[in-house]
Amino acid sequence: MKRTTRLLAALIMGIGMAVHVVAPAQAGVFDGDVTNWLPSNYTVKIATFSGPNRTERCAATNGTTYSCRTFWLPYGKADDQINGQNWDTDALMVESSYRIYGINGSYQTVAAFRWYKISSGDNRTCEMAGSAPACYYR
């Protein structure tokens, strides 16, 4: 979830003091995010399962095929940088076999061109794990 830091003035027990509060960038926004740090020879794509222009089909690792709209995610970019702030990414895919890591460090290998569905608030960073492309929970 994207967060911004705002400086708020608070009056606590009659003493005025500045307090840093971390607040959501936009009320109610709890989106999935992906950042690509894989070398340029690995193509990373992201998909949304909502909104207009969902003319493609995304076959996900959960066995479901979704109506989707896909976007190429260039090296060094996050989904919000190409689609606007608070963009909700619903799935990611690498055009070669890749690993998806869980919070506990375990991983599953995903076949090339297979979409991995991410849930709201699931933030992923794709980078190399030794010689294999991997997308970590962040």
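Residue numbers start at 1 and run along the sequence shown.
When all heavy atoms are compared, the tightest approach of Tyr66 to Ala60 is CE1-CB, 3.8 Å. Across all non-hydrogen atoms, the minimal contact from Lys77 to Gln81 is CA-OE1, 3.2 Å. Contact between Cys58 and Thr70 at its shortest, heavy atoms only, is SG-CG2, 3.7 Å. What you find for Ala112 and Glu95 is that their closest heavy atoms are CB-C, 3.9 Å. Pairing each heavy atom of Cys68 with each of Ala47, the nearest pair is CB-CB, 4.3 Å. Taking every heavy atom of both residues into account, Tyr136 and Ala129 meet most closely at OH-CB, 3.1 Å.
Counting heavy atoms from C-beta on, the side chains of Thr35 and Arg124 never come closer than 4.5 Å. In this structure the side chain of Tyr98 reaches within 4.5 angstrom of the side chain of Ile100, judged on heavy atoms.
Atom-to-atom distance recorded for Tyr137:OH and Thr125:OG1 is 11.5 Å, nearest 0.5 angstrom. Within the model, atoms CZ of Arg138 and SG of Cys126 stand 10.0 Å from one another, a figure rounded to the nearest 0.5 Å. With rounding to the nearest 0.5 angstrom, the CG atom of Asp80 is 7.0 Å from the OG1 atom of Thr89. Rounding to the nearest 0.5 Å gives a distance of 7.0 Å between CZ of Phe71 and OG1 of Thr48. Between Thr61 atom OG1 and Gln108 atom CD the span is 5.5 Å, to the nearest 0.5 Å. Separating the OG atom in Ser97 from the OH atom in Tyr42 is a distance of 9.5 Å, to the nearest 0.5 Å.
Met128 and Tyr116 fall within a single hydrophobic cluster, where Ile, Leu, Val, Met, Phe, Trp and Tyr are joined by side-chain heavy atoms under 4.5 Å apart, directly or via other members. In the hydrophobic clustering of ILVMFWY residues, with side-chain heavy atoms under 4.5 Å counting as a link, Leu92 and Leu38 come out together.
Using a distance-only test at 3.5 Å, with no hydrogens or angles considered, a donor-acceptor pair links the side chain of Ser67 to the main chain of Arg54. Panel note: side chain Asp90, backbone Phe49; a donor-acceptor pair is recorded below 3.5 Å.
When the options Ile82, Asn36, Ile118 are evaluated for a side-chain contact (heavy atoms from CB on, under 4.5 Å) with Ile46, the one that passes is Ile82.
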